[in-house]
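Here is the structure we will look at, set down as structure tokens.
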Amino acid sequence: MSPIAPPRGTKDLLPDEAPAWRWLHETHASVAGRHGYELIDTPMFEATDLFARGVGSGTDVVEKEMYTFADRGGRSLTLRPEGTAPVLRAVLGARLEQRWRPVRVHYAMAMFRYDRPQAGRQRQFTQVGIECIGDRDPSYDAEVIEVAWRFMAQLRIDGISLQLNTLGDRDDRLRYREALSAYYTPLRDSLCDDCRRRLEVNPLRLLECTRDAQHVAGAPLLRDHLSGESRGYFADVVTHLDEAGIPYTHNQRLVRGLDYYAHTAFEFWHTSLAGAQNALGGGGRYDGLAEEIGFPATAGVGYALGVERLLIVAANQGVAPVAQPPAQLVVCTATAAGAKEARKIARHLRDRTTVIADLSARRLDKKLRDADRLGARLALLVGLDEGLVLRNLRTRAQQVVTADTVLDAVSAELLQAAQEGVP
RNA sequence: GUGGCUAUAGCUCAGUUGGUUAGAGUGCCAGGUUGUGGCCCUGGAGGUCGAGGGUUCAAGUCCCUCUAGCCCCCCCA
């Protein structure tokens, strides 16, 4: 029988990578928290309608990437492919926007999309993100971008490029869509298959095609179809970003793959990721989403960043923390007689530091070797003729101690190690 | 969902035009050392050669299907 393999496109978090994983999540919670964002979490699956209506039926996510299934009660459910619609549902469902506005929440959640896996692209992946819900002011768009920016700066990741665009409001996009159709329809026969489909389903996506680049170059620009109000909104966002000292590239071809975005849309790109997977994350404003999922119209803006991709970049740049030793001290029995005493002392020492007890029948040299291998600083040998022996695994110096003095001796050794600045 | 590359020990990889019982380095375990990490010496475990089928006297090697990883499209995270 062959061993059971993990499902395609999934990945285990092993102890070696856990410190970097934890570091990233704690940093995100800390940076978001410092801006007043509170933790939220939502179910891993939702009613399929939440995404079909919220994200948009013409999008790739809904059209071909969702894990949708019927439960035993015949309900159509879908594993969460993105976080914004569920978080908005949770916030508005609980009427949180009636406490104070805007509601600021941050999250770290697993997402599921059925796609062909590649490096940096999995079927289950994790996003950290924030949502700022309940007020429509350009300063919040800038605030959200700034939190993402500060977060990645705190991770000491550099080389990030902020791609910024405005999609205007609904009327702007309707006008623009007509202009795009008018431009592309005569060209229909010379378009690639995908673009012919886009022309029917989602004309904005025509702008992102790389095969029909010559057509894109001559296509009308959304900028020329924006209302004065939309232009002013974008100008305000840009002003706030300038004040915050956050550089950006105005990318007029950035349209985002989810239907709910309006006005501000942005992505964070990084060149050290492979060309195909260069986006660390993105976000934008989604003022129409609340109504799409059956709630009173409520403004919102947020971002989501891919944890696995951030960790790839962090590892490439050598900024992710490495694994710490699981214990500072290993209590080793030198003879079988010491087992009971060793357990008792280990219990005692855990008041002071991290302790592993090795009571196995293996030879003492193997125990010491393993204690050193796992990175412990000290070993306490129990069951020797001369009594308890505390050995420093780095200096190889050792001293005889008693049950009464062992705690102080351990403290002294650890203090000295700390003063020497060794990790 | 389309096309391409790849798959041999825990890891990195050899394996000739198809030819005995599939190898190396490293790692792992044990002994040398009944009580001290390294080095060294000795011994050992570990492979249905990704899975299944086919061709052949004979398949790790050739053919087909499947699975998985990576890459390109695509999409985004």
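Quick note on labels: first sequence line is chain A, next is B, and so on, each numbered from 1. On a predicted model such as this, the values are computed, not experimentally measured, just so you know.
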Is there a side-chain contact between [X] and the phosphate of [N], meaning an N or O under 4.0 Å from OP1 or OP2?
| X | N | value |
| --- | --- | --- |
| A:R369 | B:rC29 | yes |
| A:Q118 | B:rC74 | no |
| A:R116 | B:rC73 | no |
| A:R373 | B:rC28 | yes |
| A:R377 | B:rG37 | no |
| A:R113 | B:rA77 | yes |

Watson-Crick or G-U counterpart of [N], or none if no pair lies under 3.5 Å:
| N | value |
| --- | --- |
| B:rC74 | none |
| B:rU20 | none |
| B:rC62 | B:rG54 |

[options]: which one has an atom nearest the side-chain heavy atoms of [X]?
| X | options | result |
| --- | --- | --- |
| A:K64 | B:rG35, B:rC75, B:rC74 | B:rC74 |
| A:D385 | B:rG35, B:rA77, B:rC70 | B:rG35 |
| A:R121 | B:rU36, B:rG69, B:rC74 | B:rC74 |
| A:Y114 | B:rA77, B:rU33, B:rG1 | B:rG1 |

Could you point out which residue of A:D141, A:V144, A:N251, A:N165 forms a side chain to side chain contact (heavy atoms under 4.5 Å, CB included) with A:F266? A:V144

Residue from A:L368, A:V331, A:T333 passing side chain to side chain contact (heavy atoms under 4.5 Å, CB included) with A:L381: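 Exactly one pass, corresponding to A:L368.
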
Could you work out the separation of [N] and [M] based on their [atom1] atoms and round it to a whole Å?
| N | M | atom1 | result |
| --- | --- | --- | --- |
| B:rG31 | B:rA45 | C1' | 14 Å |
| B:rA9 | B:rC71 | C1' | 28 Å |
| B:rC64 | B:rU26 | C1' | 37 Å |
| B:rC63 | B:rG1 | P | 26 Å |
| B:rU8 | B:rC73 | P | 27 Å |
| B:rC40 | B:rA14 | C1' | 28 Å |
| B:rG15 | B:rU20 | C1' | 15 Å |
| B:rG32 | B:rA68 | C1' | 45 Å |

Whole-Å distance separating the [atom1] atom of [X] from the [atom2] atom of [N]:
| X | N | atom1 | atom2 | value |
| --- | --- | --- | --- | --- |
| A:R363 | B:rU34 | CZ | P | 7 Å |
| A:L380 | B:rU36 | CG | P | 17 Å |
| A:R8 | B:rC70 | CZ | P | 9 Å |
| A:D115 | B:rA77 | CG | P | 11 Å |
| A:F112 | B:rC75 | CZ | P | 24 Å |
| A:L368 | B:rU36 | CG | C1' | 5 Å |
| A:Q122 | B:rA68 | CD | P | 15 Å |
| A:K11 | B:rG69 | NZ | P | 12 Å |

Look at the rings of A:F45 and A:F69 and say which category their plane angle falls in: under 30° parallel, 30 to 60° tilted, over 60° perpendicular. perpendicular

Mind telling me whether A:H225 and A:Y176 have parallel, tilted or perpendicular rings, with 30° and 60° as the class edges?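 Answer is tilted, since the angle falls between 30° and 60°.
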
Side-chain donor-acceptor pairs of residues 107-116 of chain A under 3.5 Å, sequence neighbours excluded:
residue	atom	partner	partner atom	Å
A:R113	NE	A:P81	O	2.8
A:R113	NH2	A:P81	O	3.0

Report which part of the nucleic acid [X] touches: base, sugar-phosphate, or nothing (heavy-atom distance under 4.0 Å, all strands).
| X | result |
| --- | --- |
| A:E308 | nothing |
| A:K366 | sugar-phosphate |
| A:G9 | sugar-phosphate |

Please confirm whether any donor atom in the side chain of A:E65 sits under 3.5 Å from an acceptor in the base of B:rG1, or the reverse. no

Between the base of B:rG37 and the side chain of A:R391, is there a donor and acceptor pair under 3.5 angstrom? yes

Given that A:L381 and A:Y261 both sit by RNA chain B, which one's nearest nucleotide is further toward the 5' end? A:L381

Along RNA chain B (nearest heavy atom to each residue), the more 5'-positioned of A:G282 and A:E386: A:E386

Is it the case that over 12 heavy atoms from other parts of the model lie below 6.0 angstrom from the CZ atom of A:R22? no

Exceeds 12 heavy-atom contacts within 6.0 angstrom, atom CZ of A:R350: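 Above 12, so yes.
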
Listed pairs under 3.5 Å, donor-acceptor, residues 7-16 of chain A side chains, sequence neighbours left out:
residue	atom	partner	partner atom	Å
A:T10	OG1	A:P7	O	2.6
A:K11	NZ	A:E17	OE1	3.3

Heavy-atom closest contact (A:A376 atom, A:L393 atom, distance): O-CD1, 3.5 Å

Between the protein and nucleotides 6-10 of chain B, list every N/O to N/O distance that falls short of 3.5 Å.
none

Just by distance, no angles: are the side chains of A:T402 and A:D404 close enough, under 3.5 Å, to form a donor-acceptor pair? no

